[in-house]
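Read through the structure below, which is laid out as structure tokens, and then see the notes.
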Amino acid sequence: MISLASMCGRYAITTPIEAMREIFDAVGGPEFQPRYNHAPTLMAPVVKTVPIFDKGERTGHRRVIDLARWGLVPSWAKSVDIGNHTINARSDTVREKPSYRGAFRHHRCLVPADGFYEWTTATAEKGGGRKQPVWIAPDQLAGFAEPLFAFAGLFDIWHSLDGTELHSYTIVTTDASPSLANYHHRMPVILDRAGWETWMTGTPAEAAALMRPHDGPFRVHPVSTAVNNVRNDGPRLIEKVDNPDAPPPKPKPVQGSLF
DNA sequence: CCAGACGTTGTT
DNA sequence: GTCTGG
DNA sequence: CCAGACGTTGTT
DNA sequence: GTCTGG
């Protein structure tokens, strides 16, 4: 039996930017290298809406892809340090927390991802508490509508003392859906295409109604612990491994030990 | 009034 | 920025 | 999320 | 144990 795992603290975003523009009906966004091991504090694409003005009149809005840093830094922060603790925002308190409430009212965005990782902890009798990473992705063969996820995100803009602008984001979390509860009790909020526009441009109440567990269907399989180290990257990280319970490599014997 | 926090995960 | 604690 | 650091003196 | 960096 598997218990507890982590949260959405690592994911993959490898879909080419042109494909993302098409899927999200968005403009902009720089080229970027595919990332199979996207981690907090790194930059990744987010989708936001910006108003369109014509002769001073607001005539509508359009979707734009931007890069932002994972770990939300509120506009009032004195430093980026807070971003180490704001990679996720709990959906049940996001409207009250000082770090998130402003962004929830005015800066909701989509966070594209091909899938995400969780680290499950095997029970003592099975794995002695080792953490096993698993890969979770949309199962299109089983009916998931999109080739990638759109996480519900919030962004903000922070100005450093020298005036540099930092765009940053966080991923909203909720309780795990039934199909993922075996791996962990929390999960990121995933939005279907039908919810994208409302999440970004609806009222706060309308957006809040979208913050609920998505029940897939998902593909889930164990992957190598190579993903643990953020310096590792590449498609092999999401490949299924067959011996997830194999013990970790033995530490090298130390010369001069008592044994 | 000023000073200080402002966050998430998972923990026996 | 805005709220809480002292 | 995990990995890795976590300290001081003085020093060409 | 706890914080920083990626």
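Quick note on labels: first sequence line is chain A, next is B, and so on, each numbered from 1. Everything numeric in this text was worked out from a predicted model, so none of it was measured.
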Any A:N229 side-chain N or O less than 4.0 Å from OP1/OP2 of D:dC2: no
Pairwise C1' distance for B:dT8 and E:dC3, with rounding to whole Å: 15 Å
For atom CH2 of A:W70 and atom C1' of D:dC2, their distance in whole Å: 12 Å
Euclidean distance, atom CD of residue A:E96 to atom C1' of C:dG1 [Å, nearest integer]: 17 Å
Given D:dC1, B:dT8, B:dC6, the nucleotide with the shortest approach to the side chain of A:N88: B:dT8
B:dC2 to E:dG6 separation - C1' atoms, rounded to the nearest Å: 37 Å
Side-chain donor-acceptor pair present, A:H167, A:K48, cut-off under 3.5 Å: yes
CD/A:Q140: more than 12 non-hydrogen atoms of other groups inside 6.0 Å: yes
Charged tip of A:R108 within 45° of A:F104 ring normal and under 6.0 Å: yes
Rounded P spacing from D:dC1 to B:dT11 in Å: 9 Å
Check against side chain to side chain contact (heavy atoms under 4.5 Å, CB included), A:F151 and A:V172: CA-CA 7 Å; A:F151 296 138; A:V172 179; over 6 Å; no
Rounded distance in Å - CG (A:L72) to C1' (D:dC1): 17 Å
Any donor-acceptor N or O pair under 3.5 Å, side chains A:T173, A:R90: no
Gap between atoms NE2 and P, on A:H159 and C:dG1 respectively (whole Å): 12 Å
Sugar-phosphate only, base, or nothing, as touched by A:Y100 at under 4.0 Å among non-hydrogen atoms: sugar-phosphate
Flag for A:N88-A:T170: side-chain donor and acceptor within less than 3.5 Å: no
Sugar-phosphate, base or nothing in reach of A:I87, heavy atoms under 4.0 Å: base
Rounded distance in Å - CG (A:L237) to P (D:dC2): 15 Å
Which nucleotides of DNA chain D pair, in dot-bracket form (Watson-Crick or G-U under 3.5 Å, | meaning another strand): ||||||......
Value in whole Å for how far the P atom of B:dT8 lies from CD of A:E118: 17 Å
For atom CG of A:D156 and atom P of C:dG1, their distance in whole Å: 12 Å
Every protein N/O within reach of nucleotides 2-6 of chain C N/O, cut-off under 3.5 Å:
none

Whole angstrom value for the distance that separates C1' of B:dT9 from NE2 of A:H185: 8 Å
Under-4.0 Å salt bridge between A:R10 and A:E118: no
Distance-only polar pair, side chains of A:D192 and A:H214, donor-acceptor under 3.5 Å: yes
Ring-on-base stacking D:dC2 with A:W119 (under 5.5 Å, under 30°): no
Sugar-phosphate only, base, or nothing, as touched by A:T41 at under 4.0 Å among non-hydrogen atoms: base
A:G202 backbone acceptor or donor facing A:T198 side chain under 3.5 Å: no
Contact under 4.0 Å: A:T173 side-chain N or O vs B:dT9 OP1/OP2: yes
Nearest to side-chain heavy atoms of A:R90, which nucleotide of D:dA3, D:dC1, B:dT9: B:dT9
Ring centre gap for A:W135 and A:F218 strictly below 6.0 Å: no
